[in-house]
Amino acid sequence: MSRMVYADHAATTPLSPTAKQAMADFWDKRFGNPSSLYYLGQEAKDDLEAARAEIAQCLNARPSEVLFTSGGTESDNWALKGAAELRRGQGKHIITTSIEHHAILHSAQWLEKQGLEVTYLPVDAGGRVSPSDVEKAIRPDTILISVMAANNEIGTIEPIEEIGAIVKAHNVLFHVDAVQAVGHIPVDVKAWNVDMLSFSGHKFYGPAGIGGLFLRHGLRLPPLVHGGGQEWGLRSGTEPVVLAVGMAAALKESVEEMAVESKRLSALRDRVLDGLSDIPSSRVTGDRECRLPGTASLTFEGIEGEALLLHLDAKGIQASSGSACSSASLDPSHVLLSIGLPHEVAHGSLRLSLGRGTTEQDVDYILEIVPQVVSYLRELSPVWDKKAQKPIWRS
Ligand code: PLP
């Protein structure tokens with residue numbers, strides 16, 4: 001294999017050397033349990049609190065507003081289920097969007113089974129939620145609004161600050177799934193007026209297995225995990241200090257590098273989008289302007305995303321697709337259907353998410369290989385009209 005190009009940073013990122021070093025120092029010398037009263041434990045407690053303070057600063061939060069969890073999925077589950085429980089008696093209506101991650105959608109569906117009502121807002125062709133749609137959906141019994149900051153499949157960035165301003169005028173909790181945003185675009189819990197915000201370490205070059213939930217001061221969610229009373233009694237279990245230290249170091253570094261790195265990545269991403277959208281019967285998915293710096297997503301008619309991934313993998317390019325088969329269902333991604341793509345188009349989707357290690361040469365390679373693989377698969381495709389060079393449903 002001539003070259004390896006990792007283009008799936010939205011799935012997970014490699015651990016940054018800075019985070020790794022911070023963790024190595026901890027493993028070796030400061031491994032105590034933060035609940036222990038002797039020196040080693042208190043040192044670990046100091047490390048945990050320093051990590052919390054660092055993360056809080058990156059989000060413009062107070063340290064006491066940052067709770068450690070196992071990752072984005074747990075934070076999302078906690079926010080939705082906790083808010084529903086906290087506001088039980090005040091209402092039973094939740095508003096979210098049709099393009100959320102399954103951690104939100106499946107939690108919302110579970111709450112529906114418990115008797116809550118959920119409005120799933122539509123998005124426009126670029127995947128943007130309209131703030132006025134949010135406002136129109138608010139009912140007297142609405143208790144929670146949950147909107148993602150940036151979509152994991154198409155990279156669209158949502159108008160969170162505008163939505164936050166609307167929510168502020170109502171007595172409704174506002175949760176933001178910022179798993180794809182934190183460490184990549186500026187996140188400010190105060191300016192956004194959020195009550196809860198989810199993030200996850202392995203999405204910004206920190207370790208996997210740790211994430212967090214910002215919980216606005218004064219808001220006491222019911223615990224999702226009961227036990228020894230850690231995290232102010234809200235999330236029990238011995239704190240993974242080493243992971244917290246690694247996540248904090250990774251986030252600090254990502255925030256410090258953000259201005260320069262997002263400019264560099266946006267230019268690489270646009271090269272990918274411009275180059276690959278020259279392929280006939282292709283289209284860019286997601287908003288062209290309001291877009292995560294590293295996320296390039298497209299569809300290619302007449303082929304299957306899964307086949308594309310396997311052939312790209314054989315050429316050393318690791319990417320992702322929102323198409324079927326990776327789940328047990330034959331339906332393409334709910335996100336691609338929500339932005340109005342027909343099934344047959346959504347089946348040929350590709351997400352290339354670039355990151356810190358991506359170089360101009362990697363992009364050259366992507367621009368060389370993807371068109372070759374697309375035309376190879378179209379040659380084999382029963383739904384591709386080789387003469388007309390378009391899918392049979394357009395012939
Ligand atoms: N929310 C979004 C938008 C995501 O992209 C992901 C992961 O891909 C999650 C939540 C779940 O995060 P985790 O993998 O940390 O559980």
Side-chain angles (χ1 to χ4, degrees), residues 6-15 19 55 66-82 96-110 120-121 123 127-129 146-158 160 163 175-185 187 192 194 196-214 224-225 235 240 243-244 246-248 250-251 254 285-287 290-297 318-322 326-327 333-336 338-339 349 351-355:
Y6 181 71
D8 206 13
H9 291 81
T12 197
T13 51
L15 189 65
I55 290 165
V66 172
L67 292 149
F68 292 112
T69 66
S70 64
T73 300
E74 183 186 327
S75 301
D76 285 349
N77 270 261
W78 192 11
L80 260 68
K81 293 171 187 174
T96 187
T97 82
S98 56
I99 60 160
E100 298 295 312
H101 189 271
H102 283 132
I104 293 291
L105 291 180
H106 290 169
S107 297
Q109 285 157 12
W110 184 84
Y120 298 93
L121 293 174
V123 292
R128 296 260 292 175
V129 183
S146 179
V147 179
M148 70 197 327
N151 184 267
N152 45 302
E153 286 186 35
I154 54 176
T156 298
I157 297 172
E158 300 299 339
I160 296 299
I163 296 171
H175 168 252
V176 171
D177 175 347
V179 168
Q180 291 290 338
V182 168
H184 300 281
I185 58 171
V187 170
W192 287 5
V194 301
M196 296 173 281
L197 181 136
S198 307
F199 56 95
S200 180
H202 71 107
K203 303 291 187 183
F204 48 80
Y205 307 92
I210 186 157
L213 184 68
F214 159 79
L224 191 67
V225 183
R235 203 266 184 183
L243 298 181
M247 177 163 74
L251 183 55
S254 294
T285 53
D287 196 282
C290 301
R291 194 175 186 99
L292 286 172
T295 305
S297 59
Q318 282 132 31
S320 168
S321 168
S326 50
S327 62
S333 123
H334 63 285
V335 176
L336 299 176
S338 293
I339 59 172
S349 70
R351 177 188 72 186
L352 294 150
S353 46
L354 317 179

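Atoms within each ligand, like the ligands themselves, are counted from 1 in listed order. Worth knowing before you read on, the calculation uses all heavy atoms, side chains too, and leaves out hydrogens, waters and symmetry mates.
- For the residue pair Ser321 / Ser349, a side-chain donor-acceptor distance below 3.5 Å is found, with atom types taken as modelled.
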Determine, stepwise, if the pair His101 / Asp177 fulfils side-chain contact (heavy atoms from CB on, under 4.5 Å). CA-CA 8 Å; His101 189 271; Asp177 175 347; 4.0 Å; yes
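- Using a 3.5 Å distance cut-off with no hydrogens or angles, the side chains of Ser75 and Arg235 do not pair a donor with an acceptor.
- Protein residues lining ligand 1, listed by chain and number: Gly71, Gly72, Thr73, Asp76, His101, Met148, Asn152, Asp177, Val179, Gln180, Ser200, His202, Lys203 [non-hydrogen atoms, distance under 4.0 Å].
- Of the listed residues (Thr73, Thr96, Asp76, Asn77), just one forms a side chain to side chain donor-acceptor pair (under 3.5 Å) with Ser107, and that residue is Asn77.
- When all heavy atoms of His175 and Ser198 are compared, the closest pair comes out as NE2-OG, 2.8 Å.
- Within the 4.5 Å cutoff, side-chain heavy atoms of Ser146 are placed close to those of Leu80.
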